[in-house]
Amino acid sequence: MLQPGGQQIITASNVLSGTQVTYTIDDPSIGTVSNVNGIPVITAKKSGQTVVRATATRAGFPDETAYFLLYVVDGSMLSNTYLTAIGSIPDADRQNPVIVEGLTQAGELVITAASSEKPTPVNGQLVITPELIERLAGNASKTKLAVKQALSENRIALARELIVNGEILPSSGQNEYIFKLYKDSLVGRKDIDYITIHAGDAKLVLNVATADRLFDSRTVIVIRLVKANNGGFHVQFLDAQGQELPNVSSNIMLILPANQTNATHTSVFYSNGKKAQPIGGKFNPSQNGMEAEINRSGTYFVGENPKSFPDVDDRDPELQQAVQFLASKGIVTGKDNGNFEPDSLLTRAEFTAMLVRAFYALDETATESFSDVHPPQWHHPYIASSEKKHIVEGYPDGTFKPDKTISREEMTAIGARYLHEKKHYYYPANPEDYLKQFVDKETISNWAKPTMSLAVKQHLINVPANKRINAREAVTRGEAARMLYRLYLLL
C-alpha cells in the first residue's frame, strides 16, 4: 500500500539459484516497476488498485507466476484502505514473510500519516517543543494500537516491532531551514521511535532512542540547513548561543533528494572546505532520496563514485553488485594490486573497518586501549571508533588481534544483532526451527544460536547447497561483503 508518488522495494524469498524473476503491473497508470541497485521498486502513480505479477523463469522448468495487490491511496483514505487490505489477505498467505513485511511497512505508513503536523515558525525557527512531540506521540500510539489489533484479529504475526515515526512538515520553497530542538522534548520517550523533519526536498530523521547522547550535556541544539549550489545542503549544528558545533555526539539521518534509476555507484559525499569524501548512503525508494547518517557540520551532496575490481567480474551477479555498491560508498576497499580478493580470508581489522564505515561510526577523536593497536597503523582509527561504539569487542588479555581471522558465527552475530537493534526484528522464539536446516548445526556455539537463526530467517546468509554452515570456520572478504550488502539494504 502506497500513497501517490510513493515507492517500495519488492523482495522475493526462497528463490532457487539460476531463477530470474520478472515483475509486471496490470495497470501501469496506477503503478510502475523499475530497478534500483538491481532490486525491483514499485512507484505509485495515482489512486487505485491493481495486480502486480511476479513470474519466475528457470531453465528446464515451467514458468511460475505469483501475484499480490497494489493499493494506491491518498492520506485521508490510508487507514480504511489498510484495514480492507488486511481482511482480503488469503489465509494461506498470512504467515508469508514477504506479505507480513509488506503489511508491517504499510502499517507504519498509516501510523506516520496519523502523526504528522505543520507547526508555525517562531522568529524564523521551527521549535520542536515537548508539547509538539506529545501530540505526535499521542496520535501515533492510538494508530499503532489500532494497526496491531487489526493484524491480531486477522491472525497475522509480525516479525518485528512496528516502528513509530512522527513527521514535522515546515513550509516548502525555502533555501534555509532552522530547527530548534529541546532535550526534554525527546529524551526518555518510549512511545515514538523517530521524528522526521522536512526541509524542502531534504529530510532530517532523529532517533529518539539516542537523543540523550545527541544532546550530551546540552539542553538545546539548533540545526541549520541551507541549500548548496551542487544540489546538496550545508548543515550546521549550533548550540543555544548560536555557536557552531564541529560535531554532535550521536548520528542524525540526512535524506537528500535523488532520482536514481540505479544507485549502485552513487554515494553521499561530505565536504568541510577540503576534498569531498564518500561517506556511504543508500537510495531509499520510499523516501525518494539518498540517506546517510551524519554528525558533523559541513556540506553534504549526492554524487557518482563508480568502483570495480577485475577479479569480481566473473562472480555471481549479487556478489558483483555487493562489492560495487559497498566500494562506491567507501565501505569496502580493494587491495594494493587493484583487486578485491573475494576469496581471501577476512581479518578482524578489515571487518571492523567495514562495519565502522557502514554504521557511520568513524570518530577521529576516539582512542583505544588495546596493547596491539597503535597509530599510525591504518586500522587504528577504525578499531578505536569500534571500541568507543561497542561494535567489535577485544579480548580479555587487553589485545584486539587485528590480523586474526573472524569466524562465520562471529560475523553473522554482529550483522543480526545490528538488525535487531536498528530495525527491531525479533530473535526467533525457537532458533532450532531455522538451524535444523544445517547438517552440522552442532558447530554453532550456544551463544550464537539466536543471532544465527535471525540471520537465516532474514536471509542475511544463505543455507548452502551442502547444508553445512561451518560456523567456526574463517570467512572470506566476499562473504562479508555479501552479508553487509544484504544488511545495508534491510536497514
Side-chain angles (χ1 to χ4, degrees), residues 7-11 20 23 32-43 201-203 228-233 253-271 274-294 298-342 350-351 353-362 477-491:
Q7 294 183 306
Q8 180 60 56
I9 289 172
I10 311 174
T11 57
Q20 181 175 355
Y23 296 91
T32 57
V33 179
S34 59
N35 278 286
V36 176
N37 295 336
I39 296 172
V41 174
I42 290 178
T43 301
D201 50 7
K203 302 180 185 77
N229 294 331
N230 56 9
F233 278 81
M253 179 78 76
L254 172 67
I255 303 175
L256 295 173
N259 295 306
Q260 306 296 127
T261 56
N262 190 332
T264 299
H265 303 295
T266 306
S267 179
V268 174
F269 285 79
Y270 166 77
S271 172
K274 302 177 183 177
K275 182 180 178 181
Q277 62 186 77
I279 62 166
K282 71 167 184 175
F283 182 71
N284 185 336
S286 65
Q287 298 286 354
N288 199 29
M290 286 286 292
E291 58 183 29
E293 293 186 19
I294 67 170
T299 300
Y300 296 87
F301 63 94
V302 176
E304 292 291 304
N305 189 38
K307 299 288 182 181
S308 61
F309 303 95
D311 62 338
V312 180
D313 291 343
D314 61 347
R315 300 306 178 96
D316 65 271
E318 186 191 36
L319 183 58
Q320 292 181 43
Q321 179 84 9
V323 172
Q324 291 174 9
F325 178 91
L326 296 172
S328 72
K329 290 149 184 62
I331 295 170
V332 301
T333 58
K335 297 290 189 175
D336 292 340
N337 59 10
N339 288 327
F340 183 73
E341 297 187 9
E350 288 175 323
F351 191 49
M354 291 180 185
L355 293 171
V356 167
R357 297 184 193 115
F359 300 161
Y360 308 98
L362 183 61
R477 287 166 52 83
E479 283 182 85
R482 192 190 302 272
M483 190 208 72
L484 200 53
Y485 172 66
R486 293 179 181 181
L487 174 64
Y488 210 69
L489 294 181
L490 282 171
L491 294 176

Kindly indicate whether the side chain of F269, heavy atoms from C-beta on, has any atom under 4.5 Å from the side chain of N230.
-> no

What is the minimum heavy-atom distance between E291 and I255, and which atoms define it?
-> CB-CG1, 3.7 Å

4.5 Å side-chain heavy-atom contact, V41 and F283 | no

Side-chain heavy-atom pair D201, F233 within 4.5 angstrom cut-off = yes

At their closest point, which heavy atom of L319 faces which heavy atom of G478, and how far apart are they?
-> CD1-O, 3.5 Å

Over all atoms of both residues, closest heavy-atom pair of F309 and G334 = CE2-CA, 3.6 Å

Rounded to the nearest 0.5 Å, the CD atom of E318 sits from the CZ atom of F325 at a distance of 12.0 Å

State whether the side chain of Y23 and the backbone N or O of T32 hold a donor-acceptor pair below 3.5 Å, judged by distance alone.
-> no

Going through the distances and angles, do L487 and F359 end up as a side-chain contact (heavy atoms from CB on, under 4.5 Å)?
-> CA-CA 11 Å; L487 174 64; F359 300 161; 4.2 Å; yes

Relative to each other, are the rings of Y300 and Y270 parallel, tilted or perpendicular (30° and 60° limits)?
-> tilted

Between OH on residue Y360 and CD1 on residue I279, distance to nearest 0.5 Å = 6.5 Å

Heavy atoms only: give me the nearest I331-R357 pair and the separation to one decimal.
-> O-NH1, 2.8 Å

Please name the residue in the list Q324, Q321, K307, K329 that meets the side chain to side chain donor-acceptor pair (under 3.5 Å) test with T264.
-> Q321

Heavy-atom check, side chain of M253 versus side chain of N284, under 4.5 Å | no

Side-chain donor/acceptor of S267 to backbone N/O of G280, under 3.5 Å = yes

Which heavy atom in A327 sits nearest to a heavy atom in N305, and how many Å separate them?
-> O-ND2, 4.3 Å

Smallest heavy-atom separation, T299 atom then A228 atom, equals CG2-CB, 4.2 Å

Is the closest basic N to carboxylate O distance between D316 and R482 below 4.0 Å?
-> yes

With a 4.5 Å limit on heavy-atom distance, are the side chains of N339 and P310 in contact?
-> yes

Could you tell me whether a side-chain N or O of Q320 sits under 3.5 Å from a main-chain N or O of D313, the two making a donor and an acceptor?
-> yes

Determine whether more than 12 heavy atoms belonging to other residues, nucleotides or ligands lie under 6.0 Å from atom CG of N337.
-> yes

K335 side chain vs E341 backbone, donor-acceptor pair below 3.5 Å = no

Roughly how far, to the nearest 0.5 Å, is the CD atom of E304 from the OG atom of S328?
-> 8.0 Å

